[in-house]
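Input: a single structure, listed below in structure tokens.
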Amino acid sequence: MPRTQAQKIIDAHLAEGVFQPGAEIALKIDQTLTQDATGTLAALEFEALGLSKTRTEVSVSYVDHNLLQTDFKNADDHRFLRSIAARYGLWFSPPGNGICHQLHLLNFARPGATLLGSDSHTPHCGGMGMLAMGAGGLDVAAAMAGYPFYLSCPKVLGVRLSGELSPWVGAKDVILEMLRRLSVKGGLGFVVEYFGPGVEKLGLAQRAAITNMGAELGATGSIFPADERTRAFLKQQGRERDYAPLSADPGAAYDHLEEIDLSRLEPLVAQPSSPDAVVPAAQLGGVKVDQVIVGSCASSGYEDLMTVALALQGKKLAPGVSLSINPGSRQALAQVAAAEGLASLLEAGARLHQAGCLGCIGMSQAPATGSNSLRTFPRNFPGRSGTKDDKVYLCGPEVAVASALAGHIADPRRLGPLPQVPPAPPVRPEALVPPPAEGSAVEVLRGPNIAPFPQLDALPEELSCTVALKVEDNITTDHIMPAGSQVLPLRSNVPAISRFVFAALDPQFADRAQALAPAAVVGGENYGQGSSREHAALAPRYLGVRVKLAKSFARIHKANLINFGVVPLVLDDPADYDRLQQGSVLVFHGLKSAILSGASQVTAQVEDRYLVLRLEASQRDRQLLAAGGLLNHIKASL
Ligand code: MIC
Ligand code: SF4
């Protein structure tokens, strides 16, 4: 049988199960990445497993999210992660080095391998022809310990690319076109696999920008073939030995097929406040822009920044526009400097920042009240910028620079001929710290804000829980567990961060859930989309939430709920969603036995009615739920 690229990698890494979409499989994980916002908890979890060293080909701990050091907390976390890396055999990337996905693609990604990262944009490295997936920190900690990663075997969505991008149309426009067609739910259960004659026209950074934002489609991963351009990229990074070709067999079948003629795409923009609210840039000429930011893991490499620099050459920003440049990596910044791009950026009036996530995760760069912000980021969920009622538009660097010059959203094709970006200068300002040969004597340095991982009890047989909150469709993990400069420093302190659960939607939530515990939350479709942050599962659990009921769940969030022993139940009957209200009491009899028996449905009594709720869970998931979470389960098995 001819196989897709995804199937080839899955087959080569199967630890349990067979390639059959929907069935549970376990995959051997070759590489892991963590970043500081999720990595502190992952490190605490790894420590709790009691191993002396990681058991992967390579594991890297990046510091890129929590860069503001307004007090000791983030600085303590950085130091803690550096010491953990040395102790347990991880590479360490210090603050200022750049964003995990950009750095991993440059320095470690290799075709044919598997990568598990505690960040939802880990599929960025799918641009290299690897199966790169986002997961909760606990799954990544388990992978670091050599455990396979359990997931539901994905279907494969093929995207046949033909033609070539026109001038001023970029990789971002390809993925925005996918979001326009398929929506933020369209990729659920799929690996998105790109193929066809258009592939060779895209460079590695472009491929990675496309696979990166496959996360916004809800996809498990996205993947490109590995070809001669992949080899050339690796060669330039001094890693040609990591090259291995990858492509689908001729005649491989896809579960769903899309076709994109690259030459027909035009510059696109996602409007506030969802990455799939996509329209042509040309239609938004009436939208004034106050702030423009070029950066984030999706669009911050050498070519992106150089395109902006060259387009700005000899020009000035429109009056009143603030343009920020957030390089994705120290390497990209050094390359732009070597190619003499910095002068144009600075002379035009741009603000130059250190390499990192910065405003993408609300760590500074919040827009002014009532203003419009245009960003080359992957996400524009409401309030994520740090400003309530923000209006954030998403685009590629081409639209960003055209708009910064015009003062309103602009089609970049009006800028005239596309400037030719010179080949990337061969500068590689290495600042990655390899693990020492022997780390067992390294002292792990903890600050006062780093709280131990909380104890979680096993699931009771009888459970009566009260609905503490009811929410709508497409609730993101940014709604459940906000980020931003106030909250992110608490990522290594679960009791403290739990005070902010649902804070923007309902500031009383934390107190109410704690008073009602055990509590439940009711949600609509695609509940928990977005970030991989496991705090969105663990912090509510810490407050006493034992059950979540939703019309459907996003993949990573559902896995995180199970990892912390929160039962995810599907409301198949829309009338049940309507019936449940804040304050409704759900009584489950024999819940634990029902879950362990493999039953696909459980019943809850609500007043004098019985609701039938679906539990989509593998046998292993059920054991985790019964044990009160993965950590309890692994500890019991050791
Ligand atoms: C994000 O883009 O939302 C983040 C911040 O990178 C998250 C991880 C986190 O919440 O720490 C992600 O995408 O997984
Ligand atoms: Fe960082 Fe933003 Fe990328 Fe998340 S989406 S990894 S916050 S740059």
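Note that ligands are numbered from 1 as they come in the structure, with each ligand's atoms numbered from 1 the same way. What you see below is based on every heavy atom in this structure, not just the backbone, and it leaves out hydrogens, waters and symmetry mates.
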Can you tell me which residue and heavy atom of the protein come closest to atom 8 (C) of ligand 1, and the distance to 0.1 Å? Gln35 NE2, 3.2 Å
Checking contacts here: is it the side chain or the backbone of Asp119 that comes within 4.0 Å of ligand 1, counting heavy atoms only? Could be both or neither. both
With atoms numbered from 1 as shown, which atoms in ligand 1 lie under 4.0 angstrom from a non-hydrogen atom of Ala37? 11 (O)
For ligand 1, which atoms, with element, lie under 4.0 Å from some heavy atom of Ile361? 5 (C)
Does the Ser296 side chain pair with the main chain of Ala298, one donor and one acceptor, at a distance under 3.5 Å? yes
Does any non-hydrogen side-chain atom of Phe190 lie less than 4.5 Å from one of Pro154? no
Show your reasoning for whether salt bridge (charged side-chain N to carboxylate O under 4.0 Å, His left out) applies to Glu525 and Lys185. CA-CA 9 Å; Glu525 299 282 3; Lys185 295 186 297 229; 5.5 Å; no
So is Arg384 touching ligand 2 or not, going by heavy atoms under 4.0 Å? yes
Any side-chain heavy-atom pair of Leu358 and Phe377 under 4.5 Å: no
Applying salt bridge (Lys or Arg N to Asp or Glu O under 4.0 Å), name anything that partners Asp276, two or more places apart in sequence or on another chain. none
Atom 7 (C) of ligand 1 has as its nearest protein heavy atom Ser531 OG, 3.2 Å
Atom indices of ligand 1, in the order listed, that fall short of 4.0 Å to a heavy atom of Ser532: 12 (C), 14 (O)
Sub-2.8 Å protein N, O or S atoms surrounding atom 1 (Fe) of ligand 2: Cys357 SG
Any nitrogen or oxygen of Asp478, side chain or backbone, less than 3.5 Å from one on ligand 1? no
Tell me which part of His65 gets within contact of ligand 1: side chain, backbone, both or neither, using heavy atoms under 4.0 Å. side chain
Residue and atom name of the nearest protein heavy atom (relative to atom 10 (O) of ligand 1), distance in Å to one decimal: Arg533 NE, 2.6 Å
Should the pair Glu47-Arg87 be classified as a salt bridge under the 4.0 Å nitrogen-to-oxygen rule? no
Would you indicate whether the side-chain heavy atoms of Pro267 and Cys395 approach each other to under 4.5 Å? no
Are His557 and Tyr527 close enough that their ring centres sit under 6.0 Å apart? yes
In the protein, what heavy atom is nearest to atom 11 (O) of ligand 1, and what distance, to one decimal place, separates them? Arg491 NH1, 2.8 Å
Electrostatic pair Asp76-Arg79, nearest N-O below 4.0 angstrom: yes
For Pro378, the ligand 2 atoms whose distance to one of its heavy atoms is below 4.0 Å: 5 (S)
Using distance alone, determine whether Ser118 and ligand 1 share an N or O pair under 3.5 Å. no
Salt bridge between Arg533 and Asp478, side-chain N to carboxylate O under 4.0 Å? yes
In Å and rounded to the nearest 0.5 Å, what is the CD to CG distance from Gln354 to Leu67? 4.5 Å
What's the separation between atom OG1 in Thr211 and atom NE2 in His121, rounded to the nearest 0.5 Å? 10.0 Å
Checking a contact table here: which protein heavy atom is nearest atom 13 (O) of ligand 1, and how many Å away? Ser120 OG, 2.4 Å
Nearest-contact summary for atom 2 (O) of ligand 1 - protein heavy atom, Å: Arg384 NH2, 2.8 Å
Hey, can you tell me if Phe224 and Tyr194 have their rings parallel, tilted or perpendicular (30° and 60° cut-offs)? parallel
Per-atom filter on ligand 1: closer than 4.0 angstrom to a heavy atom of Arg379 are 1 (C), 2 (O), 3 (O), 12 (C), 13 (O)
Quick check, are the ring centers of Trp91 and Tyr62 under 6.0 angstrom apart? no
